[in-house]
Structures are given as C-alpha cells and as structure tokens.
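Remember, it's 1-based here, ligands and their atoms both numbered in the order they're listed. Sequence positions, counted from 1, serve as the residue numbers for this chain.
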Amino acid sequence: MPILESPEVAVVDSPDGFSSGLPDFTTVSYKDAYSRINAIVIEGEQEAHDNYISIGTLIPEQAEELKKLARMELKHMRGFTACGKNLAVEPDMQFAKQFFSSLHGNFQEALKDGKLTTCFLIQAILIEAFAISAYHVYIRVADPFAKKITEGVVQDEYLHLNYGQEWLKANLENCKEELMEANKVNLPLIKSMLDQVAEDASVLHMDKEELMEEFMIAYQDSLTEMGLDNREIARMALAAVV
Ligand code: PL3
Ligand code: FE2
Ligand code: FE2
C-alpha cells in the first residue's frame, strides 16, 4: 500500500534551472520582458538625477549635496545600461518614458510651484522606496553580473531615501498637510505603475506580492522615522487602496 507519493517535482532539477528559482536569461520571453524593465530602471535613474538637480534649485544651500546624489543616479543608470548590454537586450526607452509620464508631470508641476515637500515625497520617498523594493526582489533572481551591480545600487538608494526623510522630518510641522495631499495624489500612481510592470516582472521571477511587501516596508519605515504616528501612516498607506 503506497503511503507517500514520490515528490518528483521537488527533487528533479528542471533543465531551465527553475528549481533554483533563477530564470533562463537567454530566452526570447526573458529578453522581451527585460527590454521594458531595464528601460524603466534606466529612465528612472535618469529622472532621479534630473529631479535631485531640480530640487537643488529650490534649496541653493543644499545644491552641492544634491548634486552628489544626482551623480550617484547617473552611475546607477550606467550600471543598469551595462546590465542590458550584457544580456544583449535593447531597452525600450519610449515605453519607459510613458511609464513615468504621470509622476514626471506631477513632479514638474510641484517644482514650478516651489512645492519642495511634494518634490521630496515624489522623488526621495515614493520613487526611492519603489526602487529599493524592486532592487531587493531583483537581486534574488538576477544574473550574476546584474546582481553585483544592483547590490551596490540599493545601498545608495537608502541614502537618497534618508536624505529626503530627514528634510521632511526637520520640516514636518509645516509640511504635514502638503505631505498628506501629495501622497494622496501620487501613491496611487506608484500602485498603478507596479500593476503595469507586474507581468513583465513575473517573467523575471519577481513576485508582485513580494514587491508590494518590500515597498510597504521601506515606505512605512521612512514615515515612522519622519515622526508620523501609526494612524497617520495607516491613513497614508490606504491611499494605495483605491
Ligand atoms: C532612483 O534612484 C531610481 C528610480 C528607479 C525606479 C525603478 C522602479 C523599478 C520597477 C521595476 C521592477 C524591476 C526591477 C528590476 C531591476 C533591473
Ligand atoms: Fe538610483
Ligand atoms: Fe536614488
């Protein structure tokens, strides 16, 4: 009488290496998904550079420090460009520009109105937390070349998030209202960007739930550090559920 089914699936090492959790980096479907994800990351790093330079125009006494952050973003951009080249993938930059367009528009409008709080929330908190979550998840399933690059990048992204967090913390009493309002408008955009990228991400073996979880950790930690209480944080996070 058979007692146990033989656990074939668990022990057989499939030819595409799936059992190790790593995808086959050479398939057409991997490269197709990577052409969009890689472009998003390249565009995101470029826009992050531009955004820190722009923020520097609103706080001239911090412009030098912000230029340093901006320079790191260009280095990240070059790193991820190399990741695409290494896999012989052509990034779909047109797709990526479109992907960022709403958030980009909101940042530009805040900049024009001198709304520093909104600029910091969009770039240093939302975009950096999005990058941190994506990079953490990607590191687990990346090819060895990209893994090494991404590990270096993610450390820098924490510095960027901290920079914005400390500015918002120091100005919290004056900026809370604008912070809440900007969050209400822009957190849903991050959620919909995540929805848009989920299918391609899954081809890279990046799980959507895991991405959301990592995002929420970085985002909520940073709001806690800023000095917001649990109720305020819950209220802010709920803006993603719309
Ligand atoms: C700020 O320093 C960088 C902003 C970049 C934003 C990236 C968002 C990434 C979402 C796509 C998830 C896949 C990540 C894979 C990495 C090659
Ligand atoms: Fe970056
Ligand atoms: Fe960054």
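- Atom 4 (C) of ligand 1 has its closest protein heavy atom at I127 CG2, 3.5 Å.
- Of the angles at the Fe ion (ligand 3), the one spanning OE1 of E157 and OE2 of E73 is 140° when given to 10°.
- Residue-to-ligand polar distances place E73 within reach of ligand 1: an N/O pair is separated by less than 3.5 Å.
- Angle ND1(H160) to the Fe ion (ligand 3) to OE2(E128), rounded to 10°: 100°.
- Between C175 and T117 the shortest heavy-atom distance is CB-OG1, 3.1 Å.
- Within H76, the N/O/S atom positioned nearest the Fe ion (ligand 2) carries the name ND1.
- Counting non-hydrogen atoms of neighbouring residues, nucleotides and ligands closer than 6.0 angstrom, the CG atom of D229 exceeds 12 such neighbours.
- Checked against the 6.0 Å centroid criterion, the rings of Y158 and Y135 do not qualify as a close aromatic pair.
- Using a cut-off of 2.8 Å, one finds that D156 contributes no N/O/S atom close to the Fe ion (ligand 2).
- In terms of protein heavy atoms, atom 13 (C) of ligand 1 is closest to I37 CG2, 3.3 Å.
- Closest protein heavy atom to atom 16 (C) of ligand 1: Y138 CD2, 3.5 Å.
- Scanning the protein heavy atoms around atom 12 (C) of ligand 1, the nearest turns out to be A134 CB, 3.5 Å.
- One option in E47, M193, E128, M206 has a heavy atom closer to atom 1 (C) of ligand 1 than any other, and that option is E128.
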